[in-house]
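What you see is a predicted model, and the numbers here were worked out from it, not measured in a lab. Read the numbers this way: they start at 1 and go in the same order the structure lists the ligands and their atoms.
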Amino acid sequence: MTDRKAELAENLARVEERIASACAAAGREREEVTLIVVTKTYPASDVRLLADLGVRHVAENRDQDAAPKAAACSDLPLSWHFVGQLQTNKVRSVAGYAQVVQSVDRPKLVTALSAAAEAQGRELGCLVQIALDAESGERGARGGAAPDLMAELADLVAAAPGLRIDGLMTVAPLAGPYAGREQAAFERMMELSSSLREAHPAATMVSAGMSADLEQAVLAGATHVRVGTAVLGARPRLG
Ligand SMILES: *Cc1c(COP(=O)(O)O)cnc(C)c1O
């Protein structure tokens, strides 16, 4: 094993142990939580090592970096998740490699994703990104729609050709009433998820929790955690 592969294996084992412990503490089966490794800023060679080590879900937040990486790794059995703020002019590219777009936060993006998915004959899974610190009817500074926009966006996705509504995504807010209260934030997400599932029973994904707060997300009921630094190491400032 190369040094890098051994390092990634060790980090993955540690993250796996954290997820397993949190599942045990929550009385949940380990299989209820899927690990998505956020590979942003790291090279395709790392993605390849991760796939070798059994990782099946990776996430990226910038199309400029993700598109060539996904192309270089197209032989690997990976699902690609897009988790960054998405401009409509990047949608066609993202629809070419992503299985799931986790950052759907405005009607215009739904229209663009639908057109791109249709044109490429693909079905794209979509998560509505929720900004728990956004004002009513607005979007958050780091993307995401205010909770009161969730139902409308989910209905739009569900009605859009080429798109599938899979659930919700959030990043624990740094500001507002949930700042520093990750578990409460994720519990609020689970309430929103229940309400979403009344209209869209198959939209069961709740993507929440990162390196610093994955335990709180698993305890609250998240189905997917997105872990970057705890697996790959600290990133250079950008990203
Ligand atoms: C970078 C990123 C992550 C991973 O964050 P870490 O703290 O490195 O685990 C998760 N979700 C999103 C949306 C990200 O941009």
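- Within the 4.0 Å heavy-atom criterion, the part of Val38 lying near ligand 1 is the side chain and not the backbone.
- Judged by the shortest distance from any of its heavy atoms, Arg235 lies inside the 4.0 Å radius around the atoms of ligand 1.
- Residues Arg48 and Asp75 are paired through a salt bridge, judged by an N-O separation under 4.0 Å between the basic side chain and the carboxylate.
- Considering both main-chain and side-chain atoms, Ala212 never comes within under 3.5 Å of ligand 1 through any nitrogen or oxygen pair.
- Near Val227, with a cut-off below 4.0 Å to any heavy atom, the atoms of ligand 1 are 9 (O).
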- Message: Go through it in stages, so that I can follow the logic: the residues are Met189 and Leu168, the test is side chain to side chain contact (heavy atoms under 4.5 Å, CB included), and I'd like the CA-CA distance, side-chain angles, deciding distance and then a yes or no.
- Response: CA-CA 8 Å; Met189 285 297 289; Leu168 301 179; 3.7 Å; yes

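- Between Trp80 and Tyr97, the ring planes lie perpendicular to each other; the angle is over 60°, past the 30° to 60° tilted range.
- For ligand 1, one of its N or O atoms has an N or O atom of Lys40 under 3.5 Å away.
- With Thr223 contributing its side chain and Val206 its backbone, the two residues share a donor-acceptor pair below 3.5 Å.
- Aromatic ring orientation, His224 versus His57: perpendicular (interplanar angle above 60°, classes split at 30° and 60°).
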